[in-house]
Amino acid sequence: MPVLVFGSINLDLTVRVPRLPGPGETALGAGGLGTAAGGKGANQALAAGRAGGGQVRLVGCVGRDGFAGPALALLDAEGVDISRVRRTAAPTGVALIAVSDAGENQIAVASGANADLRADAVPEDWLTPDTVLSLTLEAPPAEVLALARRAGPLGCRIVLNAAPALPVPGELLDLLAVLIVNRHEAPVVAAEAGLGNLAPADAARALSRGRAAAVIVTLGAEGALAFRGAEAWRVPALKLDRVVDTTGAGDAFAGALAAALELGMGWTDALARASAAGGLACTKQGAQPALPRAQEIDAALARLGPVVRIDAN
């Protein structure tokens with residue numbers, strides 16, 4: 001049962017700063033410029049492969065420039081199927097990332113070749129009831145919807161990480177098995193769905209009502225909340241001695257969740273593994289280099305704490 005990721009591929013350019021700059025402010029970085037493979041699609045594909053060890057396929061686009069090779073290197077080395085990654089005339093996507101001493105980040109993305117990604121790049125025989133299809137909004141939103149329209153009727157379980165925070169059409173929400181949002185994205189998606197201006201937890205709860213999709217809102221050091229129908233769960237965060245870099249945490253969470261679902265794990269086990277993976281990703285520098293492996297996640301689960309049922313209201 002494969003995990004299929006349709007999404008962005010970037011090269012991340014990172015500078016560490018004492019604190020994140022405000023509007024119009026320059027922050028002087030310490031040390032040199034860091035480069036690492038990234039992009040939400042690529043990160044989640046690698047995260048799923050490391051967390052589950054099953055077959056993972058990535059459909060995306062890169063340029064014909066010097067950034068393409070480094071952006072694909074780890075994926076290729078670790079067995080992610082990149083046979084459907086297309087090279088286009090546009091430059092490879094680039095993320096410009098500032099990381100503070102507290103581990104917080106500020107990211108600007110030049111989409112480049114990612115804007116050339118098209119839903120028809122996914123072969124029909126890759127869309128089956130055994131497929132967990134992982135989507136993000138760093139891919140062109142119209143193409144994300146077009147692929148979901150194909151995949152839903154064919155029985156794929158569709159997981160959308162609604163990042164960056166953009167409107168999500170109601171039609172797309174209705175096709176999902178799982179929606180993942182963070183504390184910033186949840187209110188945006190809820191507001192665009194006509195649910196009003198809500199706090200993150202209330203937004204996730206409202207988005208889940210009347211839909212088949214489970215909705216997960218990640219809350220950083222506070223863990224996560226998950227809502228599905230009349231049920232709800234509180235997911236603990238991994239306790240960390242030090243946060244180094246939060247850049248890949250959300251992708252680690254989403255990729256590990258997709259891997260757990262692909263492996264047929266129960267819902268609370270999948271939530272726990274996702275939370276452990278997201279926490280571990282904060283303990284190292286960079287996005288893809290920090291993504292944890294299955295053995296690390298297994299070890300971290302012993303100190304995570306239980307996923308607890310709570311009142312859905």
Side-chain angles (χ1 to χ4, degrees), residues 4-15 20-21 29 32-49 56-78 80-99 105-122 133-148 160-168 172 184-185 188 245-252 254-255 285-291:
L4 170 59
V5 182
F6 177 82
S8 55
I9 303 166
N10 295 330
L11 191 68
D12 291 348
L13 306 179
T14 303
V15 59
L20 298 180
L33 180 70
T35 62
K40 296 195 73 63
N43 293 348
Q44 292 183 19
L46 187 62
V56 180
R57 295 164 167 165
L58 173 64
V59 178
C61 293
V62 294
R64 300 189 181 100
D65 51 26
F67 284 176
L72 294 172
L74 270 177
L75 296 161
D76 190 33
E78 299 199 25
V80 174
D81 183 346
I82 56 172
S83 61
R84 288 286 174 159
V85 173
R86 186 167 62 96
R87 292 182 182 257
T88 78
T92 300
V94 172
L96 307 174
I97 306 172
V99 180
N105 63 59
Q106 193 175 72
I107 305 174
V109 175
S111 295
N114 294 310
D116 294 330
L117 185 54
R118 296 292 178 266
D120 61 11
V122 179
L133 174 60
S134 180
L135 304 171
T136 81
L137 298 181
E138 270 191 355
E143 300 302 318
V144 169
L145 176 58
L147 181 56
L160 173 66
N161 179 202
L166 295 171
V168 180
L172 179 54
H184 307 294
E185 295 148 2
V188 173
D245 183 359
T246 60
T247 301
D251 296 331
Q285 178 71 38
Q288 288 187 20
L291 297 172

Revision key, fill the gap. Nearest heavy-atom approach of Gly255 to Ala47 is CA-CB, 3.9 Å

Check your understanding: Side chains of Thr14 and Gln285: closer than 4.5 Å at any heavy-atom pair?
Key -> yes

Review point. For Val122 and Arg57, what are the C-alpha separation, side-chain angles and deciding distance, and is it a side chain to side chain contact (heavy atoms under 4.5 Å, CB included)?
Key: CA-CA 10 Å; Val122 179; Arg57 295 164 167 165; over 6 Å; no

Revision key, fill the gap. Residues passing the side chain to side chain donor-acceptor pair (under 3.5 Å) test with Thr247, sequence neighbours excluded, are Asp245

**Study point:** Shortest non-hydrogen separation from Ala287 to Ala37 and the atoms involved
**Key:** CB-O, 4.4 Å

Practice item. Drop me the distance from Asp251's CG to Ser134's OG, to the nearest 0.5 angstrom. Key: 9.0 Å

Check your understanding: Does the side chain of Pro140 come within less than 4.5 Å of Leu117's, by heavy atoms?
Key -> yes

Review point. Is it true that a side-chain atom of Asp65 and a backbone atom of Thr92 form a donor plus acceptor pair closer than 3.5 Å?
Key: yes

Exercise for review: Taking the side chain as every heavy atom from C-beta outward, state whether Asn114 and Lys40 have any atom pair closer than 4.5 Å.
Suggested key: no

Check your understanding: Is the closest side-chain heavy-atom distance between Ser111 and Glu138 below 4.5 Å?
Key -> no

Review point. Between the side chains of Asn105 and Thr246, is a donor N or O closer than 3.5 angstrom to an acceptor N or O?
Key: yes

Practice item. Nearest 0.5 Å please: distance from the CG atom of Asn161 over to the CD atom of Gln44. Key: 5.0 Å

Review point. What heavy-atom pair brings Val15 and Gly29 nearest, and what distance separates the two atoms?
Key: CG2-CA, 3.7 Å

Review point. Less than 4.5 Å apart, any side-chain heavy atom of Leu166 and any of Pro141?
Key: yes

Check your understanding: Looking at Leu172 and Ala148, what are the two nearest heavy atoms and their distance?
Key -> CD1-CB, 3.5 Å

Point to revise | Worked verdict on Leu160 versus Leu137 for side chain to side chain contact (heavy atoms under 4.5 Å, CB included) | key: CA-CA 8 Å; Leu160 173 66; Leu137 298 181; 4.2 Å; yes

**Study point:** Donor-acceptor contact present, side-chain Arg86 to main-chain Asp116, <3.5 Å
**Key:** yes

Practice item. Side-chain contact test, heavy atoms from C-beta onward, threshold under 4.5 Å: evaluate it for Asn10 versus Asn43 and give yes or no. Key: no

Practice item. Considering non-hydrogen atoms only, spot the tightest contact between Cys61 and Ala113 and give its length. Key: CB-O, 3.3 Å

Review point. Hey, what do you get for CD (Gln288) to CG (Leu46), rounding to the nearest 0.5 Å?
Key: 5.0 Å

Exercise for review: For the pair Arg118 (side chain) and Ala115 (backbone), establish whether a donor and an acceptor sit closer than 3.5 Å, ignoring hydrogens and angles.
Suggested key: yes

Practice item. Flag the pair Leu58 / Val56 as yes when at least one side-chain heavy-atom distance between them is below 4.5 Å, and no otherwise. Key: no

Exercise for review: Go through Glu185 and Val168 one step at a time and tell me if the side chain to side chain contact (heavy atoms under 4.5 Å, CB included) criterion holds.
Suggested key: CA-CA 11 Å; Glu185 295 148 2; Val168 180; over 6 Å; no

Exercise for review: Look only at the side chain of Glu143 and the backbone of Ala119, and say whether a donor-acceptor pair between them is shorter than 3.5 Å.
Suggested key: yes

Study note, to complete from the structure: Taking every heavy atom of Thr136 against every heavy atom of Ala163, the minimum-distance pair comes out as CB-O, 3.8 Å

Check your understanding: Mind checking whether Ile107 and Asp12 have side chains closer than 4.5 Å, heavy atoms only?
Key -> no

